[in-house]
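Since the structure comes first, as structure tokens, the remarks are kept for the end.
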Amino acid sequence: MTYQELCRLLTEAVDRCGKRLYDEREARAVARVFLEDCHGFTMADLYGGRDFDLSPDYVKRLSVGEPVQYVVGKALFADRYFKVGKGVLIPRPETAELCQWIAEEAQEGCDVLDIGTGSGCIAVTLALDMKAKVTAWDVADEALLTASENARLLNADVSVEKRDILNVVADERQWDIIVSNPPYICEKEMAGMEANVLEHEPHLALFVPDDDPLKFYRAIAGFASKALRKGGRLFFEINSRCAREMEAMLAEEGFAKVEMRKDLYGRERMMKAVAPLPPGGGLK
């Protein structure tokens, strides 16, 4: 099989309702990722007609819309490959932008807590790029195993712990940075989402109830207001539809200097806030 033949296979793939899974642009992107990650193809190989063997299992999985990252078992994030499987969310480039923002703001060697770590992409990236001391929390066993494995494979100093942010209280530990990319897609938004995401990626890491879209953000902000050191920073990846509500919620929790940034697609996607200070304190 060649790159062009794989693209054709993908454009012919349909979901259970007969809807095409990929348009031509998406098919080319998926085929490129697959061949670069699985076979080490270069651009010259892609367009020069280099042939490769595609196992029947891979054909079946790709043709039913399983994300290519799950098929090959890894995803590229911030110039590193991370192990991924169906129990963890596939890392997105927008999240890498969040890591870059944090690296610009924080000092090397600071204490960082990543809440809802998933694959560990944020935790490992900050540990390596900032030489940060990182603790990573998640409630899902599959995520904890994957994050631990990625930290080991990439030689990152990350402490992985099973914690449920909806049922946790602050202890004596304090952090300079708390970051989270929690579930933030409302259930009503499912209708507009791609089938390959809905059918393969973990809903636990994606969705929140329609009547409580800030469920996780509120819990994290309440915890962070007590667990961040003086002047500490809270960073979120957010649902752009809830940006104004997020600003109001953080203000209610006592956070200051709330700042929003757009992602590479021009959507309001990242937010930073400075931790509340004790009575009589002031921001430097």
Side-chain angles (χ1 to χ4, degrees), residues 7 10-11 15 19-34 36-37 43 65-70 74-82 84 88-105 114-126 129 179-203 205-208 210 213-214 216-217 220 233-250 258-273:
C7 290
L10 293 171
T11 57
D15 64 18
K19 179 184 175 182
R20 287 176 61 186
L21 291 169
Y22 306 103
D23 61 25
E24 290 185 9
R25 179 188 60 80
E26 292 168 330
R28 288 195 297 272
V30 169
R32 280 190 58 183
V33 171
F34 178 81
E36 289 170 354
D37 288 354
M43 291 296 291
E66 183 174 345
V68 65
Q69 292 90 346
Y70 290 157
K74 59 183 176 180
L76 184 63
F77 179 86
D79 298 323
R80 299 181 181 93
Y81 279 106
F82 285 77
V84 293
V88 298
L89 197 67
I90 296 169
R92 264 63 173 188
E94 304 95 304
T95 309
E97 291 185 272
L98 178 62
C99 291
Q100 184 177 358
W101 187 11
I102 295 170
E104 293 169 358
E105 294 269 339
D114 174 25
I115 298 176
T117 195
S119 66
C121 60
I122 292 176
V124 169
T125 298
L126 296 181
D129 290 352
V179 57
S180 184
N181 176 21
Y184 60 64
I185 303 172
C186 291
E187 292 169 345
K188 63 185 177 184
E189 296 178 66
M190 285 186 183
M193 295 180 66
E194 296 296 331
N196 61 342
V197 174
L198 290 174
E199 295 179 4
H200 297 282
E201 297 201 54
H203 286 201
L206 290 170
F207 297 108
V208 289
D210 293 338
L214 303 189
F216 290 96
Y217 293 111
I220 294 166
R233 267 59 173 170
L234 174 62
F235 288 87
F236 282 130
E237 183 171 324
I238 70 166
N239 186 334
S240 58
R241 298 185 182 189
C242 298
R244 305 288 84 78
E245 293 90 337
M246 284 287 300
E247 290 176 328
M249 182 273 292
L250 288 169
V258 177
E259 181 181 347
M260 188 96 63
R261 282 197 182 181
K262 294 181 179 180
D263 63 19
L264 70 167
Y265 303 110
R267 295 174 298 206
E268 293 179 319
R269 182 64 67 196
M270 296 162 278
M271 187 171 284
K272 180 193 75 173

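Just so you know, residue 1 is the first one in the sequence shown, and it goes up from there. Here the structure is a predicted model, which is why all the values come from computation and not from measurement. Worth knowing before you read on, the calculation uses all heavy atoms, side chains too, and leaves out hydrogens, waters and symmetry mates.
Taking each heavy atom of Ala123 and Thr117 in turn, the nearest pair found is CB-OG1, 3.8 Å. Closest of all the heavy-atom pairs between Glu26 and Leu21 is OE1-O, 3.9 Å. Considering every non-hydrogen atom in both Leu126 and Cys99, the closest pair reads CD2-O, 3.8 Å. For the pair Thr11 and Ala27, the tightest heavy-atom approach, listed with the atom from each and the gap, is CG2-CB, 3.4 Å. Across every non-hydrogen atom of Tyr217 and Pro182, the tightest pair is CE2-CG, 3.4 Å. When all heavy atoms are compared, the tightest approach of Cys7 to Ala31 is SG-CB, 3.8 Å.
Residue Met260 holds its CE atom at 10.5 Å from CE of Met270, rounded to the nearest 0.5 Å. Atoms CE and CD, from Met43 and Glu36 in turn, are 7.5 Å apart once rounded to the nearest 0.5 Å. The distance from the CZ atom of Phe77 to the OG1 atom of Thr125 is 4.5 Å, given to the nearest 0.5 Å. In this structure, CG in Leu98 is found 12.0 Å from NZ in Lys272, a value given to the nearest 0.5 Å. Here the straight-line distance linking atom CZ of Arg269 with atom CZ of Arg261 works out to 15.5 Å at 0.5 Å rounding.
Comment: Glu94 engages Arg267 in a salt bridge, judged by a side-chain N to carboxylate O separation of less than 4.0 angstrom.
At most 12 non-hydrogen atoms from other residues, nucleotides or ligands lie less than 6.0 angstrom from CG of Asp79. More than 12 heavy atoms of other residues, nucleotides or ligands sit less than 6.0 Å from atom CD of Glu259.
Under the 4.5 Å side-chain criterion, counting only non-hydrogen atoms from C-beta, Arg233 is not in contact with Trp101. Proximity of Arg92 to Asn181: side-chain heavy atoms (C-beta onward) are nowhere separated by under 4.5 Å. Residues Leu234 and Ile220 have side chains in contact (heavy-atom distance under 4.5 Å, counting atoms from C-beta outward).
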Residue pair Leu250, Met271: steps toward the side-chain contact (heavy atoms from CB on, under 4.5 Å) verdict: CA-CA 10 Å; Leu250 288 169; Met271 187 171 284; 3.4 Å; yes

Arg244 and Glu268: CA distance, side-chain angles, deciding distance, salt bridge (charged side-chain N to carboxylate O under 4.0 Å, His left out) verdict: CA-CA 10 Å; Arg244 305 288 84 78; Glu268 293 179 319; 3.3 Å; yes

Worked verdict on Glu245 versus Ile238 for side-chain contact (heavy atoms from CB on, under 4.5 Å): CA-CA 11 Å; Glu245 293 90 337; Ile238 70 166; over 6 Å; no

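A donor-acceptor contact shorter than 3.5 Å links the side chain of Ser180 to the backbone of Ile115. A donor-acceptor pair under 3.5 Å is absent between the side-chain atoms of Glu105 and the main chain of Ile102, judged by distance alone. Using modelled atom types, one side-chain atom of Glu97 and one backbone atom of Leu264 make a donor-acceptor pair closer than 3.5 Å.
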